[in-house]
Amino acid sequence: MTLQTEDSSSLKRRLILRDSLTFLSLVLITVVLFLITFFLFRSFASHRLELGQRWSARGQAAINSGHPDQAIVALRTALSYVPGQRSYELLLAQALGDAGHTEESYNYFLGLWETEPGNGFINLRLARLAAKKSDVQTAINYYRAAIYGTWEGDGVLRRRDVRLELAQYLIAQHELGDARTELLVAAGNAPDDVPLFLTIAQLLEQANAPRDALNYYHKVLALEPKNPAALESAARLEYDSGHFDDAHRLMEQAMHEREADTANQETITPSDKEMLDNSARILALAPLKKLPNNERVTRILQAHALAKKRFDDCSAQVSSASGIATPLHDLTTKWASKDAASNRATLLNDPSQQDATMQLVFDTETQTSKVCGAPTGDDALLLQLAKFPKAMEP
């Protein structure tokens with residue numbers, strides 16, 4: 001009986017040991033299989049990530065080299081390996097826009113915008129795409145959102161660049177007042193930088209803000225007194241404002257700098273030379289009030305003679321064409337008055353008569369230009385002076 005009990009106990013121990021070994025073997029096999037599966041999965045995931053990065057890099061290179069169609073294929077492949085990767089989606093949306101798929105790119109960026117409406121880059125791309133679609137107000141809204149959005153890197157510089165781009169867009173849309181405002185804001189936050197000030201000045205000219213433009217050309221000259229582009233542009237604006245003395249000085253200096261700069265192949269244009277000659281001639285013709293009285297009267301009499309000949313020629317032209325001189329009736333009356341017959345002695349002793357004579361000259365050049373066409377020679381210069389009578393004052 002005792003022997004039988006011992007055999008039974010021994011059998012149970014062997015069964016338990018066998019079952020334990022079997023269980024342990026199964027556990028070990030399971031662990032090994034799990035580790036193998038985990039390793040394979042990680043290896044596969046890592047390989048997919050690597051492929052995604054590789055195709056994304058190809059897409060970025062294609063965009064940079066100006067081949068957006070190739071970039072689209074590469075980036076879509078990258079997203080097939082790494083779905084939902086935002087940086088790849090941004091590049092794909094950009095490539096679509098660069099390739100001319102405006103609507104598709106717009107919708108893609110719009111989807112990205114919904115999850116990140118404050119992203120400066122996304123708003124800028126949406127602004128450009130809206131501009132391509134001729135959706136003016138939407139483009140402006142996105143431009144403004146880009147200005148106040150978040151940017152990676154130098155946000156101040158990027159916002160200023162976007163504001164300048166918005167100003168250019170507003171100029172193209174003939175929204176000149178708004179463009180001027182954007183440019184002045186951009187300039188107000190800008191450091192002393194010659195290329196930037198030149199760009200702002202040129203855009204202000206396009207925005208029909210010549211005084212502001214002239215101010216920034218002078219800022220350039222304060223930093224670089226010999227900058228030919230700023231000298232020429234400032235001279236032109238001074239001339240158009242009736243500041244003929246400043247215009248002549250600046251253009252003369254600009255030409256000197258062009259001639260001295262042998263490394264620069266830019267040459268003096270005929271229009272610059274013409275403006276220099278015209279400003280010099282106007283200064284020689286203008287009866288400036290700072291001149292000695294005798295010289296001023298000499299110039300007034302010279303201008304009077306030029307205007308009288310212009311009036312006579314125009315009157316003859318009108319009379320031969322219509323038989324009557326009605327378009328010049330008022331001017332004819334003025335030339336028949338005693339003021340038109342003032343001599344040198346009278347003018348020397350009567351400053352008010354000097355002013356009256358010059359007003360007759362200016363009226364003549366202005367009215368005859370409307371009736372008989374644009375004058376030439378000294379008459380054209382007197383007409384230019386007539387637009388800015390204050391140029392004769394000290």
Side-chain angles (χ1 to χ4, degrees), residues 167-168 170-172 174-177 179-181 183-184 187 197-222 224-258 266-290 299 303 306-307 310 358-359 361-370 373-394:
Q168 291 176 299
L170 289 168
I171 290 169
H174 307 290
E175 299 288 344
L176 302 184
R180 173 183 177 273
T181 300
L183 289 167
L184 292 178
F197 282 167
L198 272 176
T199 297
I200 289 173
Q202 290 161 358
L203 289 174
L204 282 167
E205 279 197 78
Q206 296 175 35
N208 196 27
R211 290 185 180 180
D212 295 315
L214 183 58
N215 179 40
Y216 278 92
Y217 282 127
H218 281 302
K219 285 180 181 291
V220 172
L221 294 174
E224 287 187 8
K226 297 182 179 181
N227 187 293
L231 286 167
E232 291 169 5
S233 297
R236 178 169 33 79
L237 289 175
E238 294 284 16
Y239 184 87
D240 292 341
S241 301
H243 303 143
F244 304 112
D245 195 2
D246 289 334
H248 186 269
R249 173 180 55 81
L250 289 167
M251 185 56 73
E252 197 169 43
Q253 186 180 352
M255 290 188 173
H256 174 74
E257 297 303 332
R258 289 287 190 206
E266 293 185 38
T267 58
I268 300 168
T269 65
S271 60
D272 289 342
K273 182 66 169 64
E274 181 182 12
M275 201 209 78
L276 181 67
D277 293 342
N278 286 346
S279 59
R281 182 57 181 161
I282 287 175
L283 292 172
L285 283 173
L288 306 175
K289 290 188 177 182
K290 65 181 180 180
R299 293 191 181 192
L306 287 167
R310 170 69 172 166
M358 281 308 302
Q359 188 58 55
V361 170
F362 292 156
D363 290 344
T364 299
E365 297 295 351
T366 301
Q367 293 183 38
T368 54
S369 69
K370 297 175 182 177
T376 59
D378 285 346
D379 285 300
L381 300 180
L382 286 175
L383 178 61
Q384 180 70 6
L385 186 61
K387 299 174 183 177
F388 306 100
K390 290 188 176 181
M392 296 186 300
E393 297 179 2

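Sequential numbering from 1 along the given sequence is applied to the chain's residues. This structure is a prediction, so every number in the text was calculated from the model and none was measured.
Sorted by first then second residue, the salt bridge (charged side-chain N to carboxylate O under 4.0 Å, His left out) pairs that include residues 209-219, not counting sequence neighbours, are R180-D212. Applying the side-chain hydrogen bond (donor to acceptor under 3.5 Å, both in side chains) test to pairs two or more places apart or on separate chains, none has a residue in residues 379-388.
Using a 4.5 Å cut-off on side-chain heavy atoms (C-beta onward), K226 and H256 make no contact. L170 is not listed as a side-chain neighbour of L176, based on a closest heavy-atom distance of 4.5 Å or more. Side-chain contact between L184 and Y216: present, with at least one pair of heavy atoms (C-beta onward) separated by less than 4.5 Å.
From M255, atom CE reaches atom CG of L231 across 11.5 Å, with rounding to the nearest 0.5 Å. Atom CZ of F362 sits about 11.5 Å away from atom CZ of F388, to the nearest 0.5 Å. A distance of 14.0 Å separates NE2 of H248 from CD of E238, quoted to the nearest 0.5 Å. Going from atom CZ of R310 over to atom CD of Q367 covers 11.5 Å, rounded to the nearest 0.5 Å. Atom CD of E252 and atom CD of E257 lie 11.5 Å apart (nearest 0.5 Å). Taken to the nearest 0.5 Å, the CG atom of L198 stands 7.0 Å off from the OH atom of Y217.
A donor-acceptor distance shorter than 3.5 angstrom exists from the side chain of S369 to the backbone of T366, with no hydrogens or angles considered.
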Could you check L250 against L221 for side chain to side chain contact (heavy atoms under 4.5 Å, CB included), going step by step and ending with a plain yes or no?
CA-CA 10 Å; L250 289 167; L221 294 174; 4.2 Å; yes
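Contact detail for A213 and A201: the closest heavy-atom pair is CB-O, 3.3 Å. Across every non-hydrogen atom of A167 and A179, the tightest pair is O-CB, 3.7 Å. Residues L385 and A391 approach most closely at CD1-CB, 4.1 Å, considering heavy atoms. For A303 against M358, the heavy-atom pair with the smallest separation is CB-SD, 4.2 Å.
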Show which side-chain atoms of residues 276-288 pair as donor or acceptor with protein atoms under 3.5 Å away, not counting sequence neighbours.
residue : atom : partner : partner atom : Å
D277    : OD1  : K273    : NZ           : 3.1
D277    : OD2  : K273    : NZ           : 3.0
N278    : ND2  : E274    : O            : 3.4
S279    : OG   : M275    : O            : 3.0
S279    : OG   : L276    : O            : 2.9
R281    : NE   : D378    : OD1          : 3.0
R281    : NH2  : D378    : OD2          : 2.8

